[in-house]
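Note that these values count all heavy atoms, side chains included, but never hydrogens, waters or copies made by symmetry.
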Amino acid sequence: MSVRELVVLGTASQVPTRHRNHNGYLLRWDGEGILFDPGEGTQRQMLRAGVAAHDLNRICVTHFHGDHCLGLAGVIQRINLDQVPHEVTAHYPRSGQRFFDRLRYATAYRETVGVTEAPVAADGILAVTRSYTLEARRLSHPVESYGYRLIEPDGRRMLPDRLAAFGVKGPDVGRLQREGRLGDVTLEDVSEVRRGQRFAFVMDTRLCDGVHALAEGCDLLVIESTFLDEDIELAVEHGHLTAGQAAAVARDAGVRHLVLTHFSQRYTDPEEFERQARAAGFEGELTVAYDLLRVPVPKRR
């Protein structure tokens, strides 16, 4: 059975707190694991969450501020220490290549795994696999930053009443699914399009076209809400979103499950983020993230 869930490893912004580690998010998608923005302490948080280096297939870094990337050194060294047997691909802004190089080779270690470097230089598709397409979009932050979006290919949903009407049953159903035709009956005659699931990861950014494009139609959106709405001027100045702004994006994009994260240490009441998100008109499922939380990707519509 395929597993699709978000494992939250850290939820703090620039300054960690007693209860919030620096950033880190693992998306389990069927048999793959995609690690987003491994901040300082990510390796230990992985241990606490039951995530192994062998679970990692990709690492996606939005930008090279420390709270989003300082854990890279430890994670990459752990991948090598554990001799992960499969390819691990790293995506990050090409403009930060020098930072990636420094983190990858921050200290001496035995390099046993060839991490594949796949830097991002513009909006577009980064990878296509059987179960997803990975895309990147430019965001608006004081340093170059990209958000990531994962899209499952559309499939087909079989319709029992149509199958019965055409007399298709038993092993013939599977054959029709595989081959697309059974005699005069086509797959389109007995099924309908099943929309693929969509996930997006949006970190440090002001409102911009990239934010809206990433969020559009998502089943699960993970998005920063560093500030509360009363501090919107600070948010704009430093290149961040407020809880209300993030929720409005999700509302307009038709997001099903919204996960708010990346909270400033100045706030002590997480419920206020939820209140402001609801006040912005978001009516879907809403989670104010905390460390070591697991969030399942919503079931298909």
Side-chain angles (χ1 to χ4, degrees), residues 6 8-16 22-27 34-40 42 58-73 75 89-104 117-127 134-150 199-216 218 220-227 231-243 245-246 248-250 253 255 258-264 289:
L6 175 75
V8 179
L9 303 173
T11 56
S13 56
Q14 187 173 17
V15 178
H22 268 155
N23 287 280
Y25 310 84
L26 177 78
L27 177 66
I34 305 174
L35 178 64
F36 294 91
D37 279 8
E40 194 175 345
T42 291
R58 295 184 190 275
I59 302 172
C60 294
V61 177
T62 58
H63 66 292
F64 285 99
H65 277 154
D67 52 321
H68 295 262
C69 67
L70 282 177
L72 266 173
V75 169
T89 302
H91 304 284
Y92 50 88
R94 184 183 295 278
S95 62
Q97 184 68 52
R98 66 192 186 279
F99 301 123
F100 185 87
D101 292 343
R102 291 170 187 167
L103 289 163
R104 181 172 182 177
E117 299 181 10
V120 183
D123 292 357
I125 295 174
L126 306 178
L134 181 65
E135 301 177 344
R137 290 288 186 129
R138 181 74 180 266
L139 299 174
S140 174
H141 198 53
V143 300
E144 188 174 20
S145 182
Y146 286 91
Y148 297 94
R149 176 177 168 93
L150 186 146
F199 166 88
F201 184 80
V202 179
M203 280 296 118
D204 298 19
T205 183
R206 305 175 184 90
L207 287 176
C208 63
D209 290 343
V211 173
H212 296 287
L214 289 163
E216 183 61 33
C218 276
L220 184 63
L221 170 64
V222 180
I223 187 168
E224 70 120 310
S225 58
T226 308
F227 293 98
D231 293 318
I232 191 169
E233 291 183 4
L234 281 176
V236 173
E237 178 184 354
H238 295 287
H240 288 290
L241 298 173
T242 69
Q245 288 178 318
V249 167
V255 169
L258 170 64
V259 178
L260 299 178
T261 188
H262 194 270
F263 307 111
S264 170

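Rounding to the nearest 0.5 Å gives a distance of 11.5 Å between CD of E233 and CZ of F227. Note that CG of L6 is 11.0 Å distant from CG of L221, once rounded to the nearest 0.5 Å. With rounding to the nearest 0.5 angstrom, the OG1 atom of T242 is 9.0 Å from the CD atom of E224. The CG atom of D204 lies 7.5 Å from the NE2 atom of H65; values are rounded to the nearest 0.5 Å. Here the CG-OG1 distance, from L260 to T11, works out to 11.5 Å after rounding to the nearest 0.5 Å.
Taking both residues in full, the closest heavy atoms of S13 and S264 are given as OG-CA, 3.2 Å, listed atom of the first, atom of the second, then distance. Between G239 and H141 the shortest heavy-atom distance is O-ND1, 2.8 Å. Looking at every heavy atom in both residues, L258 comes nearest to V255 through N-CG1, 4.1 Å. Heavy-atom minimum distance, A213 versus R137: CB-NH1, 3.5 Å.
A side-chain donor-acceptor contact under 3.5 Å links N23 to the backbone of A12. Distance alone, capped at 3.5 Å, is enough to place a donor-acceptor pair between the T205 side chain and the S140 backbone.
Considering only heavy atoms from C-beta on, L214 comes within 4.5 Å of L139 through its side chain. Residues I223 and V259 fail the side-chain proximity criterion, which asks for heavy atoms closer than 4.5 Å. The side-chain heavy atoms of L9 and H22, taken from C-beta on, include no pair separated by under 4.5 Å. Residues R149 and C218 have side chains in contact (heavy-atom distance under 4.5 Å, counting atoms from C-beta outward). Under the 4.5 Å side-chain criterion, counting only non-hydrogen atoms from C-beta, T226 is not in contact with Q14. Side-chain atoms of F201 and D37, non-hydrogen and from C-beta on, do get closer than 4.5 Å to each other. Counting only heavy atoms from C-beta outward, the side chains of Q97 and P119 approach each other to under 4.5 Å. In this structure, the side chains of L134 and H91 come closer than 4.5 Å at one or more pairs of heavy atoms.
Environment of CD in E144: crowded, with over 12 heavy atoms of neighbouring residues, nucleotides or ligands closer than 6.0 Å. Shown here is D101, whose CG atom has more than 12 heavy atoms of other residues, nucleotides or ligands within 6.0 Å. Around CD of Q245, the count of heavy atoms belonging to other residues, nucleotides or ligands within 6.0 Å exceeds 12.
Not less than 6.0 angstrom separates the ring centroid of H240 from the ring centroid of H238.
The side chain to side chain contact (heavy atoms under 4.5 Å, CB included) test with Y148 is passed by exactly one of I34, V202, V120: V120. For the side chain to side chain contact (heavy atoms under 4.5 Å, CB included) criterion with Y146, the lone passing option out of D123, T62, V61 is D123.
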Worksheet item: Going through the checks in order, is the side-chain contact (heavy atoms from CB on, under 4.5 Å) test met by S225 and L241?
Response: CA-CA 5 Å; S225 58; L241 298 173; 5.6 Å; no
Practice prompt. Check the pair D209, R138 against side-chain contact (heavy atoms from CB on, under 4.5 Å), reporting the backbone distance first and the verdict last.
Written response: CA-CA 9 Å; D209 290 343; R138 181 74 180 266; over 6 Å; no
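The aromatic rings of Y92 and F64 stand perpendicular to each other, their planes meeting at an angle above 60°, with 30° marking the opposite boundary.
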